[in-house]
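Lettering of chains follows the sequences in order, A, B, ..., and the numbering in each one begins at 1.
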Amino acid sequence: MEKLPLSFYQRKNILLIAKELLGKILVTRWEGLETSGRIVELEAYRGVSDRASHAYGGRQTARNEIMYAAGGVAYIYLCYGLHHLVNVVTHEAGTPHAILIRGIAPLEGMQIMQQRAKRKKTDPAITRGPGKLALAMGLHTGLNGWSLQSNDFFIADDGFQYPKEWQASSPRIGVDYAGDDALLPYRFYIRGNAFVSGKPK
DNA sequence: GAGTAGATCCTCT
DNA sequence: GAGGATCTACTCA
């Protein structure tokens with residue numbers, strides 16, 4: 001299992017990177033507790049020309065500043081006041097591209113995730129959906145800007161690949177406010193996987 | 001099972 | 001001062 005190199009994130013084609021991230025493994029190791037999961041759903045946010053992106057029109061604020069950094073770091077922010085959402089920054093420095101991780105299939109540390117989620121009802125799908133996923137993996141806004149080359153939070157490749165016919169794309173979720181850009185097929189997911197958010201198809 | 005209200009707070013206008 | 005890259009739980013059927 002190998003950590004993805006900076007060169008992987010710093011390529012310019014975010015849609016290609018997003019597709020290639022499907023099937024990769026997201027790993028965190030906080031305080032000796034390792035949790036990991038295979039990425040099965042994500043969305044691309046293509047910087048200044050994408051109305052759904054925080055950086056649309058070249059906006060640069062204290063919150064999204066990290067999107068302008070060189071690829072290979074995490075962009076984590078708070079949404080709706082209570083959910084932490086995890087993004088991977090891509091492209092070279094100065095171009096605010098990011099990929100939102102929306103769903104993973106747990107591999108290691110399932111019990112730790114359950115504990116972190118503190119669910120009333122037992123729910124196996126605690127890593128389905130961006131908010132829950134961040135909670136289960138122990139990710140929060142304090143980790144904004146974290147390098148994915150570190151040893152406690154990174155994405156790895158174990159050689160596994162989902163068959164091409166399982167990979168699908170669709171419009172993104174929850175971005176209706178973005179007008180025509182809400183229709184762009186920038187969401188990539190694994191067809192039929194239980195850890196993909198939204199209605200099963 | 002489907003539809004919806006409420007939570008909750010940071011960020012930008 | 002408004003609204004958001006969400007989720008849960010409650011209602012009604």
Is the positively charged end of A:R11 above the ring of A:F8, judged by distance under 6.0 angstrom from the centroid and angle within 45° of the axis?
yes

Within the 4.0 Å heavy-atom criterion, would you say A:R172 contacts the bases, only the backbone, or no part of the nucleic acid?
nothing

From OH of A:Y186 over to P of C:dA5, roughly how many Å is that when rounded to an integer?
17 Å

Considering Watson-Crick and G-U wobble pairs with both distances under 3.5 Å, what does C:dC7 pair with?
B:dG6

Is any side-chain N or O of A:H54 under 3.5 Å from a base N or O of C:dA5, one able to act as donor and the other as acceptor?
yes

Check the distance between B:dT11's C1' and A:H84's NE2 and give it to me in whole angstrom.
15 Å

Is the number of heavy atoms from other residues, nucleotides or ligands within 6.0 Å of CD (A:E34) greater than 12?
yes

Distance, rounded to the nearest Å, where A:I14 contributes CD1 and C:dA5 contributes C1':
13 Å

Distance, rounded to the nearest Å, where A:L100 contributes CG and C:dT6 contributes C1'
11 Å

If you check every side-chain atom of A:N87, which of C:dA5, B:dT11, C:dC7 has the closest atom?
C:dA5

Atom NE2 of A:H140 and atom P of B:dC10: how far apart are they, to the nearest Å?
15 Å

Taking OP1 and OP2 of C:dA5, is either one under 4.0 Å from a side-chain nitrogen or oxygen of A:R51?
no

Measure the shortest side-chain to side-chain distance between A:L100 and A:Y75 over non-hydrogen atoms and say whether it is less than 4.5 angstrom.
no

With the side chain of A:K132 defined as its heavy atoms from C-beta on, choose the nearest nucleotide among C:dC7, B:dT13, B:dT11.
C:dC7

Test item: A:I173 and A:R102 side chains (from C-beta on) under 4.5 Å apart, heavy atoms:
yes

Tell me which residues in residues 70-80 of chain A lie within less than 4.0 Å of DNA chain C, going by non-hydrogen atoms.
A:Y77, A:Y80

Under a plain distance cut-off of 3.5 Å, with no hydrogens placed, do A:W166 and A:N193 share a side-chain donor-acceptor pair?
no

Could you tell me how far apart A:L85 (CG) and B:dT11 (P) are, to the nearest whole angstrom?
14 Å

Given atom OH of A:Y56 and atom P of C:dG3, what is their separation to the nearest angstrom?
19 Å

May I have the distance from A:R128 (atom CZ) to C:dT6 (atom P), rounded to whole angstrom?
14 Å

Check the geometry between A:Y45 and C:dA5 and answer yes if their rings are stacked (centres below 5.5 Å, planes below 30°), otherwise no.
yes

Measuring only the P atom in each nucleotide, how far is B:dA5 from C:dG4? A whole number of Å is fine.
16 Å

Please confirm whether A:Y162 and A:F160 have ring centers closer than 6.0 angstrom.
yes

Compute both the distance and the angle, then confirm whether A:R38 meets the cation-pi test with A:F195: under 6.0 Å from the six-membered ring centre, within 45 degrees of the axis.
no

